[in-house]
Visitor: 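Here it is: the structure, laid out below.
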Amino acid sequence: MTSFEQHFEDKINNEVNIEPRDWMPDDYRKTNIRQISQHAHSEIVGMLPEGNWITRAPSLRRKAILLAKVQDEAGHGLYLYSAAETLGITRDEMIEQLHTGKAKYSSIFNYPTTSWADMGAIGWLVDGAAIMNQVALCRTSYGPYARAMVRICKEESFHQRQGFEILLSLVRGNATQKKMAQDALNRWWWPSLMMFGPNDDNSPHSAQSLHWRIKRFSNDELRQKFVDAATEQAKVLGLAIPDPALKWNEERGHYDFGEIDWEEFWNVVKGNGPCNKERLDTRRKAWEDGEWVREAAMAYVEKRKNRSQKAA
Ligand code: 3HC
């Protein structure tokens with residue numbers, strides 16, 4: 001081991017963050033770029049299923065909340081793209097990787113939002129699953145990523161609560177509204193469990209990422225924590241989780257749950273989910289339509305640069 005490598009390992013073992021100018025192994029850099037950029041892509045693609053409901057929110061209050069939430073996700077994308085840029089990749093390169101299908105984003109956003117209750121289920125389950133993962137990422141070893149996650153988690157926590165509150169209102173409403181809430185839970189439960197990624201023994205990156213403390217918990221550990229928490233929350237809502245195998249295991253001190261449909265998961269990850277094409281087409285179109293904004297912004301930057309050069 002070289003002295004650089006030893007110094008790096010010592011920092012990791014002593015819980016000292018790795019910062020952009022520090023020496024780091026090439027694979028550590030690549031793993032962080034991969035994970036942070038995929039995370040950033042998930043935030044901005046994640047705006048689409050909910051953005052679809054802003055004009056159809058049932059009240060002004062709900063509309064204002066949903067608008068704020070969707071805008072927060074754009075902000076999360078920006079913090080995360082900025083964190084990834086400190087590792088030597090440009091924003092344009094990352095966007096290109098998303099648009100060409102080279103970079104992944106979370107499988108969950110390839111499912112359609114077919115009723116208002118889905119806004120509740122996404123907030124409660126999808127943001128809930130995201131927080132379970134992201135609270136741990138506040139202590140990830142790469143400094144800029146860890147710091148970005150602190151603020152993101154605060155906002156995700158509001159997102160989770162607003163989703164739970166939407167469902168709470170629906171279950172306290174009439175029979176049709178309660179049915180809408182149950183239907184949304186039925187459709188979003190299993191895709192939410194898939195957000196944590198493949199089982200530990202099928203997760204090629206986990207061992208190294210845990211060693212480098214990029215990940216603090218394994219995929220299965222986080223999934224179990226989520227199932228334990230969400231099952232209790234479902235009881236408060238009076239909704240039934242669509243899993244006949246879900247059962248408290250006294251010995252383990254956790255809920256046992258059924259097998260995820262891994263074929264469906266990999267199909268969606270590979271681009272064949274119900275909305276993959278639509279999501280990527282929408283992102284590409286937004287990029288093309290926004291070209292004039294980027295050009296105008298860059299022209300302004302150039303103009304200011306020229307002015308300050310003349311003044312100097
Ligand atoms: N969807 C799409 N791809 C997934 C996936 C999922 N749910 N789970 C795993 N994968 C991919 C991995 O990216 C990896 O692909 P790659 O080799 O091409 O990069 C492959 O499947 C193998 O999985 P691993 O378990 O080995 O990969 P990781 O060690 O990276 O673990 C992860 C996967 C747990 C998702 C991890 O990357 C992670 O914690 N990422 C940061 C959090 C994140 O991205 N969250 C997105 C959720 S949505 C969100 O945050 C938006 C919010 O507003 C709701």
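Residue numbers count from 1 along this sequence. It should be emphasised that the depicted structure is a prediction, and the values quoted were computed from it without experimental measurement.
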Visitor: Would you mind reporting whether E85 and M94 have side-chain heavy atoms less than 4.5 Å apart?
Guide: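 Yes; the side chains approach each other to less than 4.5 Å.
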Visitor: Can you find a side-chain donor-acceptor pair between S157 and Q160 that sits under 3.5 Å?
Guide: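 S157 vs Q160: no donor-acceptor pair found between side chains.
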Visitor: Where does the angle between the aromatic ring planes of F226 and W189 fall among parallel (under 30°), tilted (30 to 60°) and perpendicular (over 60°)?
Guide: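 Judged by the thresholds at 30° and 60°, the geometry between F226 and W189 is parallel.
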Visitor: Is there a continuous path of hydrophobic side-chain contacts, each under 4.5 Å between heavy atoms, that joins L87 to V16?
Guide: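 No; tracing contacts between hydrophobic side chains, which count when under 4.5 Å, never links both residues.
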Visitor: Nearest 0.5 Å please: distance from the CE atom of M119 over to the CG atom of L170.
Guide: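 One finds 11.5 Å between CE of M119 and CG of L170.
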Visitor: When you group the ILVMFWY residues by side-chain heavy-atom contacts below 4.5 Å and let the links chain together, are V135 and F164 in the same group?
Guide: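 Cluster IDs for F164 and V135 differ.
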Visitor: For N267 and E263: C-alpha separation, side-chain torsions, deciding distance, then whether side-chain hydrogen bond (donor to acceptor under 3.5 Å, both in side chains) applies.
Guide: CA-CA 6 Å; N267 232 334; E263 197 181 324; 5.1 Å; no
Visitor: With a 4.5 Å cut-off on side-chain heavy atoms, are I36 and Y79 touching?
Guide: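 Answer no - side chains too far apart.
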Visitor: Less than 4.5 Å apart, any side-chain heavy atom of F109 and any of V126?
Guide: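 Sidechains of V126 and F109: in contact.
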Visitor: Under 3.5 Å, side chain of R279 to main-chain N/O of Y111, donor-acceptor pair present?
Guide: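 Yes, the answer is positive, given that a donor and an acceptor are paired below the 3.5 Å cut-off.
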Visitor: Check whether any side-chain N or O of S209 sits under 3.5 Å from a backbone N or O of S206 as a donor-acceptor pair, and report yes or no.
Guide: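 Absent.
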Visitor: Would you confirm whether R294, through its side chain, and W287, through its main-chain N or O, come within 3.5 Å as a donor-acceptor pair?
Guide: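 Yes; at least one donor-acceptor contact below 3.5 Å.
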Visitor: According to a hydrophobic-cluster definition based on side-chain heavy atoms being under 4.5 Å apart (Ile, Leu, Val, Met, Phe, Trp, Tyr only), do L78 and I33 belong together?
Guide: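 Result: no, two separate clusters.
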Visitor: Do R223 and S218 pair up side chain to side chain, a donor and an acceptor below 3.5 Å, judged on atom types alone?
Guide: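 No pair is found: no donor N or O on one side chain lies under 3.5 Å from an acceptor on the other.
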Visitor: Return a table of donor-acceptor pairs under 3.5 angstrom between the side chains of residues 242-253 and protein atoms on other chains or two or more places apart.
Guide:
from	atom 1	to	atom 2	distance (Å)
D243	OD1	A245	N	2.9
D243	OD2	G258	N	2.8
W248	NE1	E250	OE1	3.3
N249	OD1	E251	N	3.0
N249	OD1	R252	N	3.0
N249	ND2	D256	OD1	3.4
N249	ND2	D256	OD2	3.0
R252	NE	D256	OD1	3.0
R252	NH1	Q224	OE1	3.4
R252	NH2	Q224	OE1	3.1
R252	NH2	Y255	O	3.0
R252	NH2	D256	OD1	2.8

Visitor: Does a sphere of radius 6.0 Å around CZ in R172 hold more than 12 heavy atoms from other residues, nucleotides or ligands, not counting ones at 6.0 Å or beyond?
Guide: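 No, not enclosed.
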Visitor: Using 4.0 Å as the upper bound for N to carboxylate O, is an ion pair formed by E221 and R216?
Guide: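 Salt bridge: no.
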Visitor: Would Q134 and H39 count as having a side-chain donor-acceptor pair, cut-off 3.5 Å?
Guide: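 Short answer, yes.
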Visitor: Roughly how far, to the nearest 0.5 Å, is CD1 of I131 from CG of L222?
Guide: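 Here the interatomic distance stands at 12.5 Å.
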Visitor: Can you confirm whether K11 is buried at NZ, in the sense that more than 12 heavy atoms of other residues, nucleotides or ligands lie under 6.0 Å from that atom?
Guide: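 Enclosed: over 12 neighbouring heavy atoms sit under 6.0 Å from NZ of K11.
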Visitor: Quick check on the 6.0 Å ring-centre criterion: do H41 and Y81 meet it?
Guide: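 Yes, ring centres under 6.0 Å apart.
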Visitor: Would L185 end up clustered with V236 when hydrophobic side chains under 4.5 Å apart are linked, directly or stepwise?
Guide: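 Yes, one cluster joins them.
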Visitor: Tell me whether N17 contacts the main-chain N or O of Y142 through its side chain, where contact means a donor paired with an acceptor under 3.5 Å.
Guide: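 No: the side chain of N17 does not pair with the backbone of Y142.
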Visitor: Can you see whether S141 engages Y28 through a side-chain donor-acceptor pair at a distance of less than 3.5 angstrom?
Guide: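 There is such a pair (donor and acceptor under 3.5 Å, judged by atom type) between the side chains of S141 and Y28.
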Visitor: Is the shortest distance from a Lys or Arg side-chain nitrogen in K69 or D72 to a carboxylate oxygen in the other one below 4.0 Å?
Guide: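 Here K69 does not pair with D72 in a salt bridge, since their nearest N and O are not under 4.0 Å apart.
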Visitor: Would you please say whether a donor-acceptor pair under 3.5 Å links the side chains of N306 and E302?
Guide: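 Looking only at side-chain atoms, E302 and N306 do not form any donor-acceptor pair under 3.5 Å.
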Visitor: Enter the distance from D118:CG to T114:OG1 here, rounded to the nearest 0.5 Å.
Guide: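 It comes to 4.5 Å.
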Visitor: Transitively linked via ILVMFWY side-chain contacts under 4.5 Å: V171 with W116?
Guide: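 Cluster IDs for V171 and W116 match.
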Visitor: Quick check for you: to the nearest 0.5 Å, what is the distance between N219 atom CG and M194 atom CE?
Guide: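 Taking CG in N219 and CE in M194, the distance rounds to 14.0 Å.
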Visitor: Do E50 and I122 have side-chain heavy atoms sitting under 4.5 Å apart?
Guide: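 Of all side-chain heavy-atom pairs linking I122 with E50, at least one is under 4.5 Å.
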Visitor: Donor-acceptor check, side chain of E93 to backbone of T90, threshold 3.5 angstrom: yes or no?
Guide: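 At least one qualifying donor-acceptor pair exists.
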Visitor: Can a donor-acceptor pair be found between the side chains of Y105 and N110 at a distance below 3.5 Å?
Guide: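 Yes, a side-chain donor-acceptor pair sits under 3.5 Å.
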Visitor: Can you confirm whether E96 is buried at CD, in the sense that more than 12 heavy atoms of other residues, nucleotides or ligands lie under 6.0 Å from that atom?
Guide: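 No - once you tally the heavy atoms of other residues, nucleotides and ligands closer than 6.0 Å, there are 12 at most.
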Visitor: Is the shortest heavy-atom distance from the side chain of P49 to the side chain of P112 under 4.5 Å?
Guide: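 No, side chains not in contact.
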Visitor: Mind running salt bridge (charged side-chain N to carboxylate O under 4.0 Å, His left out) on K225 and D228 for me, showing each step along the way?
Guide: CA-CA 5 Å; K225 277 171 182 268; D228 291 347; over 6 Å; no
Visitor: Are L210 and F217 packed together at the side-chain level, in the sense that at least one heavy-atom pair is separated by less than 4.5 angstrom?
Guide: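 Contact flag for L210/F217 side chains = no.
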Visitor: Looking only at side-chain N and O atoms, does N199 offer a donor or acceptor that is under 3.5 Å from a partner on D220?
Guide: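 There is such a pair between these side chains.
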Visitor: Could you work out the complete set of other residues in the hydrophobic cluster of I65, with links drawn between I, L, V, M, F, W and Y side chains under 4.5 Å apart?
Guide: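 Besides I65, the hydrophobic cluster comprises F158, listed by chain and residue number.
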Visitor: Taking the six-membered ring for Trp, are W262 and F265 parallel (under 30°), tilted (30 to 60°) or perpendicular (over 60°)?
Guide: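 The rings of W262 and F265 stand perpendicular, inter-plane angle above 60°.
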Visitor: Under a 3.5 Å distance rule, please check whether R29 uses its side chain to pair with a backbone N or O of P25 as donor and acceptor.
Guide: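 No.
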Visitor: What I want to find out is whether R151 reaches E155 closely enough, with some N-O distance under 4.0 Å, to be called a salt bridge.
Guide: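 Looking at E155 together with R151, the answer is yes, because their closest N to O distance falls below 4.0 Å.
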Visitor: How many angstroms lie between OH in Y300 and NZ in K305, if you round to the nearest 0.5 Å?
Guide: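 Those atoms lie 14.0 Å apart.
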Visitor: Do the side chains of K179 and D183 get close enough for a salt bridge, i.e. N-O under 4.0 angstrom?
Guide: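 Salt bridge between K179 and D183, a charged N being under 4.0 Å from a carboxylate O: no.
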Visitor: Give a yes or no on whether the backbone of D10 and the side-chain of N14 come within a donor-acceptor separation of less than 3.5 Å.
Guide: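 Yes, the answer is positive, given that a donor and an acceptor are paired below the 3.5 Å cut-off.
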Visitor: Using side-chain heavy atoms (C-beta onward) and a distance below 4.5 Å, is W190 in contact with E264?
Guide: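 No - every pair of side-chain heavy atoms lies 4.5 Å or more apart.
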Visitor: Do the non-hydrogen side-chain atoms of R34 and K30 ever get within less than 4.5 Å of each other?
Guide: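 No; the side chains remain at least 4.5 Å from each other.
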Visitor: Determine whether T86 and Y145 satisfy the following criterion, side-chain hydrogen bond (donor to acceptor under 3.5 Å, both in side chains), listing intermediate values before the conclusion.
Guide: CA-CA 10 Å; T86 64; Y145 191 19; over 6 Å; no
Visitor: Show your working on side chain to side chain contact (heavy atoms under 4.5 Å, CB included) between N52 and L48 and close with a plain yes or no.
Guide: CA-CA 6 Å; N52 195 28; L48 302 174; over 6 Å; no
Visitor: Atom CD1 of I95 and atom NE2 of H99: how far apart are they, to the nearest 0.5 Å?
Guide: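 It comes to 5.5 Å.
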Visitor: Are E278 and K285 within salt-bridge range, i.e. N to O under 4.0 Å?
Guide: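 A salt bridge is absent here (no side-chain N lies under 4.0 Å from a carboxylate O).
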Visitor: Looking at H254, I want to see if its NE2 is surrounded by more than 12 non-hydrogen atoms of other residues, nucleotides or ligands under 6.0 Å.
Guide: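 More than 12 heavy atoms, drawn from other residues, nucleotides or ligands, come within 6.0 Å of this atom.
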Visitor: Please assess E9 against H211 for the test side-chain hydrogen bond (donor to acceptor under 3.5 Å, both in side chains), listing each intermediate value before the final yes or no.
Guide: CA-CA 10 Å; E9 287 288 330; H211 172 77; 3.1 Å; yes
Visitor: Could you walk me through whether R62 and S169 pass the side-chain hydrogen bond (donor to acceptor under 3.5 Å, both in side chains) check?
Guide: CA-CA 12 Å; R62 293 290 183 201; S169 303; 3.1 Å; yes
Visitor: Do E156 and H159 have side-chain atoms, one donor and one acceptor, less than 3.5 Å apart?
Guide: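 Yes.
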